[in-house]
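All chains are named by letter (A, B, ...) in the order of the sequence lines, taking the proteins before the strands, and each is independently numbered beginning at 1. Computed from a prediction, not measured in an experiment: that's the story for all the values here.
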Amino acid sequence: MVNEELSHIFSDVADILEIKNENPFRIRAYRRAAQIMEDLPDDAGVMLADGRLKQVPGIGKDLYTRIEEYIHTGRMAVHDELLQEFPQGVLDILAIPGVGPKTAKLLFETYGIDSVEKLGASAESGALQGIKGFKEKTIANILKGIALKKSIQGRFPLGTALPIGEMIIQELGKVRGVRSLELAGSIRRRKETVGDIDILVVSDEPGPLMDAFVRLKDIERVLSHGPTRSSAILKNTHLQVDVRVVEKDSLGAALAYFTGSKTHNIKLREIAVKKGYKLNEYGVFDMNGRKIAGATEEDVYDILGLQFVPPEIREDQGEIEMALERNLPRLIGLADIRGDVHMHTVASDGNSTVGQMALSAQALGYAYIAITDHSQSLGVAHGLTPQRLELEIREIEAFNRTGARIKVLSGMEVDILADGSLDMDSGMLGRLDIVIGSIHSGFRQSKEQITGRMIRAMETGLVDCIGHPSGRLIGERDAYDADWDAVFSAAQKYRVAMEINSYPLRLDLTDTMIKKARSKGLKFMITTDSHDPKQMRYMNYGVSVARRGWLEKDDVVNTQEFKHFTGWLKGDR
DNA sequence: GCCGTTTTCGGCCCGACTGTTTTCAGTCG
């Protein structure tokens, strides 16, 4: 994906400029560009072609030209030239925790160390002894950093990090003197992957709290241990956890600061400066240094003249401008979901019966669910033949006669076959309350094939919703290469909803694709795709993604009460 | 390198921890 390539290149350029001790604001411009490329709502090449790239804030004349150059030639001269001066190995060294630009430069220019391997060998052989600023601890830290880097590859899925963060919060909550604990950082923004876990604590006894944290049994290594801030690496996952103690009357400012995103924060600070204030993690201060806000996040946003911005959309994607106009969307919440309408039973690859799934959903407060087992071509999942689907429909009808409060809809997650046809005869599908069409095979088809395939499925008029539309699995499989403009336009034409699949490794559609789909007027269904009653709890992940995609209650069909939801399914769209 | 109802030049966000420093630089978030 060209956006990721550009992000890496800009990040490399920023790194080398930093090693060269260049103008820090020029470096920041490149860093920001790297972030912007990652968050772009569409392919940079497409946005270049249709003129939208020119409008992107933070991409000025120079950066625009460089992006253009890369898209047309596959290279960027400034990047190539800088790599001539400082080879890739130096950038790898810079990526080691504890090694910054100054150290990398010194090691390379004075000692010719241009790879992590050489650095490791020099550290072990004692060759680094005697270099100014290098004593035993520094050298030991470099070796630890190299080992750590090897063990940590990339980011962690939200579904991994969030439960761990909540578990640590629970543990630390038992420590004497603790008044409140909050997750901050990208985990609070509910980004689909997170780099680390940030926790803020208000405590009457910070010292013991910090001691308790670094002694947690799940901690493998303590990186730092101070009176107000400590960092450690967890066993097994090698996730980094940062804990900070803040004063009660600074909690709001600290939450805002440590929740980020970085670009959102910088904008907030700029607004503060324009008003003659100073904003830091302790509060908002007037020109006399008097604190005028900080206890709650609401106060901080309010005194800056902004509407409160929900954490999930603090990505500097226009939310600050809208908050200034008090025009933010009212984001959907978990409590708005009335029914979970994509789940499996023992009939295909689930592990519970219709009744068990239904009663579990009822306990969660839902008014309705839909049973949507797989179709027959998905042999590995024991997909249903028409005869077995017939039996399942009867089983659902029988459950609905038991007098249970919850209503069960009959449905199917029918495979969209390689040619775009559906894996079940249309007569059967027509009898069902809800049909989700999904792709489970032929992921590597060409862009034209995949796009045409999805559109043909929608043209049948039998599909209510496209399941896990992009097909991506976080960290395992990229989204299909489809023409999403064409797919979403077809979905709009045929009034087909897009699923937001809450399964933690899917989270599909993604936040940026949701924004794009919504801009075409599409509706959504947030579902869990549960194969077990426990998995119904994943709904909060899907809702988080929807919030990151700026969705409101009315954008999501399964927020409607039963009568209206079934009305929508019957064609009242 | 970006950006602009005060500016096309001169601004651009802020603090904690570590290690080695006897007063601070480097790194990180």
Got [X] and [Y] here, is their nearest side-chain heavy-atom distance under 4.5 Å?
X: A/Asp218; Y: A/Glu171; answer: no
X: A/Leu209; Y: A/Glu205; answer: no
X: A/Met210; Y: A/Pro227; answer: no

Which is true for [X] with a 4.0 Å heavy-atom rule: it touches a base, it touches only sugar-phosphate, or it touches nothing?
X: A/Ser231; answer: nothing
X: A/Ile96; answer: sugar-phosphate
X: A/Arg66; answer: sugar-phosphate

To the nearest Å, give me how far apart [atom1] ([X]) and [atom2] ([N]) are.
X: A/Ile19; N: B/dG26; atom1: CD1; atom2: P; value: 14 Å
X: A/Asp15; N: B/dG26; atom1: CG; atom2: P; value: 17 Å
X: A/Glu247; N: B/dG15; atom1: CD; atom2: C1'; value: 15 Å
X: A/His225; N: B/dG19; atom1: NE2; atom2: P; value: 13 Å
X: A/Lys144; N: B/dT18; atom1: NZ; atom2: C1'; value: 12 Å
X: A/Asp242; N: B/dT18; atom1: CG; atom2: P; value: 12 Å
X: A/His264; N: B/dC14; atom1: NE2; atom2: C1'; value: 16 Å
X: A/Glu281; N: B/dC17; atom1: CD; atom2: P; value: 11 Å

Expressed in whole Å, how much space separates the [atom1] atoms belonging to [N] and [M]?
N: B/dG1; M: B/dT8; atom1: C1'; result: 14 Å
N: B/dC17; M: B/dC12; atom1: C1'; result: 26 Å
N: B/dG15; M: B/dG4; atom1: C1'; result: 29 Å
N: B/dT20; M: B/dC13; atom1: P; result: 32 Å
N: B/dT21; M: B/dG26; atom1: C1'; result: 12 Å

Start at the 5' end of DNA chain B and walk down; is the nucleotide closest to A/Arg229 or to A/Asp196 reached first?
A/Arg229
Residue met sooner reading DNA chain B from 5', once A/Thr138 and A/Ala29 are mapped to nucleotides
A/Ala29
Between [options], which nucleotide has the shortest distance from any of its atoms to the side chain of [X]?
X: A/Asn280; options: B/dT20, B/dG26, B/dC14; answer: B/dC14
X: A/Tyr282; options: B/dG29, B/dC2, B/dA16; answer: B/dA16
X: A/Thr103; options: B/dT20, B/dG26, B/dC2; answer: B/dG26
X: A/Pro101; options: B/dG29, B/dG19, B/dT27; answer: B/dT27
X: A/Lys137; options: B/dT27, B/dG19, B/dG29; answer: B/dG19
X: A/Ser224; options: B/dG1, B/dC17, B/dG29; answer: B/dC17

Closest heavy-atom pair, A/Lys191 versus A/Glu315, reported as atoms and distance to 0.1 Å, is CG-OE2, 3.9 Å
Supply the atom-to-atom distance A/Asp198 CG to A/Tyr257 OH, rounded to the nearest 0.5 angstrom.
11.0 Å
Verdict with supporting geometry, A/Glu192 and A/Arg472, salt bridge (Lys or Arg N to Asp or Glu O under 4.0 Å):
CA-CA 12 Å; A/Glu192 62 186 35; A/Arg472 69 86 176 259; 2.7 Å; yes
Distance-only polar pair, side chains of A/Arg506 and A/Tyr538, donor-acceptor under 3.5 Å
no
Side chains of A/Gln84 and A/Asp80, donor plus acceptor under 3.5 Å
no
For B/dC17 and A/Ser230 - does any side-chain N or O of the residue sit under 4.0 Å from the phosphate oxygens OP1/OP2?
no
Within the structure, does a side-chain N or O atom of A/Arg26 lie under 4.0 Å from either OP1 or OP2 of B/dG1?
yes
Is there a Watson-Crick or G-U wobble partner for B/dG11 with both distances under 3.5 Å, and if so, which one is it?
B/dC2
Between [Y] and [X], does any NZ, NE, NH1 or NH2 come within less than 4.0 Å of an OD or OE carboxylate oxygen?
X: A/Arg31; Y: A/Glu18; answer: yes
X: A/Asp302; Y: A/Arg326; answer: yes
X: A/Arg188; Y: A/Glu297; answer: yes

For each nucleotide in nucleotides 8-13 of chain B, reading 5' to 3', give B when a protein heavy atom comes within less than 4.0 Å of its base, S when such contact involves only the sugar-phosphate, and - otherwise.
----BB
Identify the pairs formed between an N or O of the protein and an N or O of nucleotides 3-6 of chain B at a distance under 3.5 Å, and give each distance.
| residue | atom | partner | partner atom | Å |
| --- | --- | --- | --- | --- |
| B/dC3 | OP1 | A/Gly58 | N | 2.6 |

